[in-house]
Amino acid sequence: MKLLAVDTSCDDSCVAIIDTEQWKLLSETVISHIEPMKKFGGIVPEIASREHLKALPLAVEECLKKAHLQLSEIDWFGVTHRPGLIGALLVGVSYVKGLAFATGKPFSVFNHIEAHLFSPLLATLEGETVPAFPWIALVVSGGHTELFHVTETLQYHWLGGTLDDAAGEAFDKVGKLVGMAYPAGPTIDRWVRESASETQRKIPFPRAQVEGLQFSFSGLKTAVALYVQKSNLEAEKLAIVASAQEAIVDQLVEKTRFAAQQFPQAKIVVTGGVACNSRLREKLSEAYFPAIRHCTDNAAMVAVLAGLYKRTEKLTAAPWTATAHSSGDF
Ligand code: KG4
Ligand code: ZN
């Protein structure tokens, strides 16, 4: 079965096609809308929706072309329906609904966090082996910081998450406080990796002491804001972002290891945009991280999630009707 999946949850128009029998990724396309957001210093939901409207048909066309397929050869459509920017999601869901209606094929809707959660399995489409279940999975992105215990394919329970900001949001806000463009996460990562010394990582920004498997990053943001006010920003900029990165990464590592101690059989996997971070990869070296392009938003992870539901015979839908599959409420 050829399955075309779409994700428009944030500021990337993502499309991917997989063959569920051959378990092969046939093509994938990501059209990013970061550029028009840059002058606003962050994502403007209305602009994201309008950009998706323009880019999504082009992304679908390009993806079909790369897979050497016609639209009529797609057997099933999948689309992210939440969580995310509501207007942006609406564009994706409406467009996919239109494709399903036009072709008379079914479509199903999926949860974006569940797609990130099972994104390590994307490597199996390329014949690679990934850690066997159980997993302790840290899903860490611009909008989420969540820990899960995954016992089987599509079987998991939530262990804890952030009480306030997500880790990616903390990266982006720290960057904004020192004058960096959105998204600051990748820029901070690269700059610190290439230029920061050990001593530049040492400003003692707080590591929130919250209970159990919860996270908190809002205190760090306040601490950085206060520090910026009284510092010589130009001279200390690198030290500020390097130390803030250290504080974010330390909290992620500490809580993830704490969760892993409670499930000694489990292998740690880390997914979502912040899983691209090289300092996190270095400090949590025992963990499995998917390929960089499959950590940030993409539709291949949605297609794989759909494929997993198909394998477990849970993917059922009458033509043009949506089936919500995800059990979590993230
Ligand atoms: O998963 P994702 O692409 O979109 C969401 O679902 O949110 O994650 C985007 C987030 C942004 O906050 C971005 O700054 C962060 O991931 N990010 C990084 C890195 N690459 C992306 N943060 C730190 N280091 C990176 N290398
Ligand atoms: Zn995401």
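Along the sequence shown, residues carry numbers from 1. Whatever order the structure lists them in is the order used to number ligands and atoms, beginning at 1.
A distance of 15.5 Å separates CD1 of Ile74 from CZ of Phe107, quoted to the nearest 0.5 Å. Residue Glu282 holds its CD atom at 10.0 Å from CZ of Arg193, rounded to the nearest 0.5 Å.
Residues Lys66 and Glu62 are paired through a salt bridge, judged by an N-O separation under 4.0 Å between the basic side chain and the carboxylate. Here Lys173 pairs with Glu169 in a salt bridge; the nearest charged N to carboxylate O distance falls below 4.0 Å. A salt bridge links Glu286 with Arg257: the distance from a Lys NZ or Arg NE/NH1/NH2 to an Asp or Glu carboxylate oxygen falls below 4.0 Å.
The side chain of His112, and not its backbone, has at least one atom closer than 4.0 Å to an atom of ligand 1 (non-hydrogen atoms only; side chain from C-beta on). Using a 4.0 Å cut-off between heavy atoms, His116 contacts ligand 1 through its side chain alone, with no backbone atom that close. Counting heavy atoms closer than 4.0 Å to ligand 1, residue Asp189 contributes side-chain atoms (C-beta onward) but none from N, CA, C or O.
At a 4.0 Å cut-off, not a single heavy atom of Arg279 sits close enough to ligand 1 to count as contact. Residue Gln245 places no heavy atom under 4.0 Å from ligand 1. Ligand 1 lies nowhere less than 4.0 angstrom from a heavy atom belonging to Cys10.
Close approach of ligand 1 to Cys276 is summarised as follows: ligand atoms under 4.0 Å from at least one heavy atom of the residue are 20 (N), 26 (N). Short contacts between ligand 1 and Gly168, defined as distances under 4.0 Å to a heavy atom of the residue, involve ligand atoms 12 (O). Heavy-atom contacts of Gly143 reach the following atoms of ligand 1: 7 (O) (cutoff under 4.0 Å). Atoms of ligand 1 found under 4.0 Å from any heavy atom of Gly185, numbered from 1 in the order shown, are 14 (O), 18 (C), 19 (C), 22 (N), 23 (C), 24 (N), 25 (C). Numbered from 1 in the order shown, with element, the atoms of ligand 1 that lie under 4.0 Å from a heavy atom of Gly142 read 5 (C), 7 (O), 8 (O), 9 (C), 10 (C), 12 (O). Heavy-atom contacts of Thr296 reach the following atoms of ligand 1: 3 (O) (cutoff under 4.0 Å).
One option in Thr187, Asp172, Ile34, Asn277 has a heavy atom closer to atom 24 (N) of ligand 1 than any other, and that option is Asn277. Selection from Pro183, Gly273, Ser32 by nearest heavy atom to atom 20 (N) of ligand 1 gives Gly273.
The aromatic rings of His33 and His52 sit perpendicular to each other, their planes meeting at more than 60°, with 30° as the lower class boundary. The aromatic rings of His112 and His116 stand perpendicular to each other, their planes meeting at an angle above 60°, with 30° marking the opposite boundary.
Side chain of Glu236 to backbone of Glu234: no donor-acceptor contact under 3.5 angstrom is found. Of the possible donor and acceptor atoms, none in the side chain of Asp11 sits under 3.5 Å from a partner among the backbone N and O of Ser32. Checking side-chain atoms of Glu152 against main-chain N and O of Phe133 turns up no donor-acceptor pair under 3.5 Å. Formation of a donor-acceptor pair under 3.5 Å by the Thr162 side chain with backbone atoms of Thr145 is not found in this model.
Closest to atom 4 (O) of ligand 1, if we only count protein heavy atoms, is Asp297 OD2, 3.1 Å.
With side-chain heavy atoms closer than 4.5 Å counting as contact, directly or through intermediates, the hydrophobic cluster containing Val44 also holds Met37, Phe40, Ile43, Ile47, Leu85, Tyr182.
Listed here is the closest heavy atom pair of Thr20 and Gly307: CG2-CA, 4.1 Å.
Protein nitrogen, oxygen and sulfur atoms, that is N, O or S, within less than 2.8 Å of the Zn ion (ligand 2) amount to 3.
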